[in-house]
Amino acid sequence: MGVTKELVESTLKSKLNPSHLEVVDTSGGCGASFAIEIVSEQFEGKRLLERHRLVNAALVEEMKEIHALSIKKAVTPAQWKQQQETQQSTSAA
């Protein structure tokens, strides 16, 4: 059996302590492909590539069975708050 959405969520929660995490199994249920949106204080002061490396490092064991990992967002809590406020103001207009 492949990696589950719940396993990816559990691993990321324990290693990166995100304030927001969304994991979507984009493989149709076989666990070979995931899309991730994650917000973590551990991303503070890090460039995008470094943030992606942190996510990949956290999932090192799972990556042995995952064929595709799409990190849609890897942002800090402040960036996340700003994005949410921007979305709300544009949807209210």
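- A pairwise comparison of heavy atoms in Arg51 and Lys46 identifies NE-O, 2.9 Å as the closest pair.
- Side chain of Thr11 to main chain of Val8: no donor-acceptor pair is present (N/O by atom type, distance under 3.5 Å, no hydrogens or angles).
- Cluster partners of Val60: none. The rule joins Ile, Leu, Val, Met, Phe, Trp and Tyr whenever side-chain heavy atoms lie under 4.5 Å apart, and it links nothing here.
- In this structure, the side chain to side chain contact (heavy atoms under 4.5 Å, CB included) partners of His20, at least two apart in sequence or on a different chain, are Glu22, Glu37, Val39, Trp80.
- The two residues Ala32 and Ser27 have their closest heavy-atom pair at N-OG, 3.4 Å.
- Counting all heavy atoms, side chain and backbone alike, Leu54 lies closest to Gln42 at CD1-O, 3.8 Å.
- The shortest non-hydrogen separation linking Ala74 to Leu48 is O-CD1, 4.4 Å.
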For this session: Kindly indicate, with the supporting measurements, whether the criterion side chain to side chain contact (heavy atoms under 4.5 Å, CB included) is fulfilled by Lys72 and Ile36.
Result: CA-CA 6 Å; Lys72 301 289 187 186; Ile36 295 173; over 6 Å; no
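- Taking a cutoff of 4.0 Å between a charged side-chain nitrogen and a carboxylate oxygen, Glu9 and Lys5 qualify as a salt bridge.
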Problem set entry | Residues Leu12, Asn17; criterion side chain to side chain contact (heavy atoms under 4.5 Å, CB included); working and verdict | CA-CA 7 Å; Leu12 290 173; Asn17 192 28; over 6 Å; no
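- Following chains of ILVMFWY side-chain contacts shorter than 4.5 Å, one cannot reach Val75 starting from Ile71, and the two form parts of different hydrophobic clusters.
- When only modelled atom types and interatomic distance are considered, Thr76 and Glu41 share no side-chain donor-acceptor pair under 3.5 Å.
- Residues satisfying the salt bridge (Lys or Arg N to Asp or Glu O under 4.0 Å) criterion with Lys15, sequence neighbours excluded, are absent altogether.
- In this structure, Ser33 and Thr26 approach most closely via the heavy-atom pair OG-OG1, 2.7 Å.
- Residues Leu16 and Phe43 share a closest heavy-atom pair of CD1-CZ, 4.4 Å.
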